[in-house]
Amino acid sequence: MIDKLIFATNNNHKLEEVRNIISDKIEILSLAEIDCYDDIPETADTLEGNALMKARFIKKYYRYDCFADDTGLEVEALNNAPGVYSARYAGEAHDAQANVNKLLHKMQGQENRNARFRTIIALILNGKEHLFEGIINGSIITERRGEAGFGYDPVFIPDGYMQTFAEMGNGLKNKISHRALAVKELAIFLSSISK
């Protein structure tokens with residue numbers, strides 16, 4: 001029976017999202033809670049590569065079973081950019097405001113506003129690696145709307161909805177988001193091996 005897992009992140013927004021989805025089943029510990037303050041490299045050119053890189057780092061140096069994620073916003077008109085570079089689209093500072101500004105600038109005059117968020121989760125458990133994916137399709141609007149969420153949430157409207165992720169609040173977003181879908185896949189897998 002798995003009662004706790006390390007989530008290889010220092011992003012409190014991500015941690016809160018994941019805990020809200022599966023913490024009733026498994027205790028999720030952050031990197032800070034295992035005294036890991038390393039700057040884990042994310043130098044792969046795919047989301048899968050980055051997620052595996054982070055999970056392998058924790059397994060190798062801290063010896064914990066763990067999972068890690070990487071998420072990218074893929075915009076059709078920009079050849080799926082920013083993609084794997086979403087967090088540092090406007091530079092290495094990981095500045096969410098600057099990233100959104102750059103995206104809105106690049107999207108000026110674009111009629112095709114189609115985009116998708118994609119999350120990959122890499123799990124290392126009992127010496128084996130597993131990958132889970134969550135995708136949500138939507139579109140990029142022309143200006144920010146909403147105060148909740150983080151990253152590109154104020155400019156992304158998921159298909160079938162009228163609100164941006166930032167207008168929805170965490171309750172609805174945590175049910176339908178790319179990360180929620182990937183975490184649900186992870187949770188299904190974990191419950192299947194816990195029986």
Side-chain angles (χ1 to χ4, degrees), residues 1-42 47-48 50-73 84 86-87 94 96 99 116-126 128-136 138 146-154 156 158 161 163-195:
M1 185 71 185
I2 306 153
D3 58 354
K4 73 175 63 167
L5 266 177
I6 310 306
F7 181 15
T9 189
N10 283 314
N11 183 320
N12 287 326
H13 295 292
K14 286 185 181 183
L15 188 62
E16 185 181 339
E17 267 186 26
V18 170
R19 282 179 171 161
N20 285 338
I21 296 165
I22 59 172
S23 62
D24 58 326
K25 301 168 189 72
I26 297 168
E27 184 183 3
I28 305 298
L29 299 177
S30 69
L31 291 178
E33 289 169 302
I34 61 166
D35 292 323
C36 172
Y37 300 99
D38 300 293
D39 189 14
I40 302 173
E42 293 181 61
L47 299 175
E48 292 84 354
N50 276 342
L52 282 166
M53 193 175 279
K54 289 185 274 188
R56 288 169 180 162
F57 183 96
I58 297 306
K59 186 64 180 173
K60 179 178 179 180
Y61 293 105
Y62 291 85
R63 308 224 180 281
Y64 288 109
D65 281 344
C66 64
F67 66 96
D69 82 316
D70 200 23
T71 293
L73 174 66
V84 72
S86 292
H94 292 241
N99 289 338
R116 68 180 189 171
F117 269 118
R118 198 160 67 92
T119 291
I120 299 293
I121 291 177
L123 168 70
I124 298 180
L125 186 65
N126 301 326
K128 293 187 177 152
E129 295 179 348
H130 308 271
L131 290 173
F132 307 92
E133 181 178 51
I135 294 173
I136 186 160
E147 300 298 322
F150 62 101
Y152 297 95
D153 287 357
F156 181 83
Y161 294 85
Q163 299 171 301
T164 66
F165 271 163
E167 291 175 301
M168 285 181 179
N170 291 337
L172 178 55
K173 183 190 169 189
N174 286 348
K175 288 189 176 87
I176 67 167
S177 78
H178 45 293
R179 188 168 297 106
L181 295 172
V183 171
K184 282 174 191 157
E185 292 294 316
L186 169 67
I188 290 166
F189 174 77
L190 291 173
S191 63
S192 75
I193 62 171
S194 298
K195 292 175 179 168

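From a predicted model like this one, the values you see are computed outputs, not experimental measurements.
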[atom1]/[X] to [atom2]/[Y] distance, rounded to the nearest 0.5 angstrom?
X    : Y    : atom1 : atom2 : value
H178 : T71  : NE2   : OG1   : 4.5 Å
E185 : F132 : CD    : CZ    : 8.0 Å
E27  : I6   : CD    : CD1   : 8.5 Å
L5   : L123 : CG    : CG    : 6.5 Å
D39  : F57  : CG    : CZ    : 8.5 Å
F7   : I26  : CZ    : CD1   : 13.0 Å

What verdict does the side-chain contact (heavy atoms from CB on, under 4.5 Å) test give for E133 and R118, after you've listed the backbone C-alpha separation in whole Å, the side-chain angles of each residue and the deciding distance to 0.1 Å? CA-CA 7 Å; E133 181 178 51; R118 198 160 67 92; 2.9 Å; yes
Looking at every non-hydrogen atom in both residues, tell me the closest pair between [X] and [Y] and how far apart they are.
X    : Y    : value
H130 : L125 : NE2-O, 4.5 Å
A122 : A55  : O-CB, 3.9 Å
R19  : L29  : NH2-CA, 4.0 Å
F150 : E17  : CE2-OE2, 3.4 Å
M53  : P41  : SD-O, 3.2 Å
F165 : P158 : CE2-CG, 3.7 Å

Do the side chains of [Y] and [X] get nearer than 4.5 Å, heavy atoms only?
X    : Y    : value
I135 : L181 : no
I40  : N10  : no
N99  : L73  : no
I58  : L31  : yes

Starting from the C-alpha separation in whole Å, work towards a yes-or-no answer on side-chain contact (heavy atoms from CB on, under 4.5 Å) for D65 and K59. CA-CA 6 Å; D65 281 344; K59 186 64 180 173; 3.0 Å; yes
In chain order, what residues pass the salt bridge (charged side-chain N to carboxylate O under 4.0 Å, His left out) check against D153, with sequence neighbours excluded?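 By the salt bridge (charged side-chain N to carboxylate O under 4.0 Å, His left out) rule, D153 matches K173.
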Mind checking what makes salt bridge (charged side-chain N to carboxylate O under 4.0 Å, His left out) contact with E167, not counting sequence neighbours?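 Checked E167 against salt bridge (charged side-chain N to carboxylate O under 4.0 Å, His left out); matches are R145.
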Before giving the answer on side-chain contact (heavy atoms from CB on, under 4.5 Å), spell out for Y61 and D38 the whole-Å C-alpha distance, their side-chain angles and the decisive distance to 0.1 Å. CA-CA 10 Å; Y61 293 105; D38 300 293; 5.8 Å; no
Strictly distance-based, threshold 3.5 Å: is any side-chain N or O of [X] a donor or acceptor partner for the main-chain N or O of [Y]?
X    : Y   : result
T9   : L15 : no
Y152 : S86 : yes
K54  : D69 : yes

I120 and N50: CA distance, side-chain angles, deciding distance, side-chain contact (heavy atoms from CB on, under 4.5 Å) verdict: CA-CA 9 Å; I120 299 293; N50 276 342; over 6 Å; no
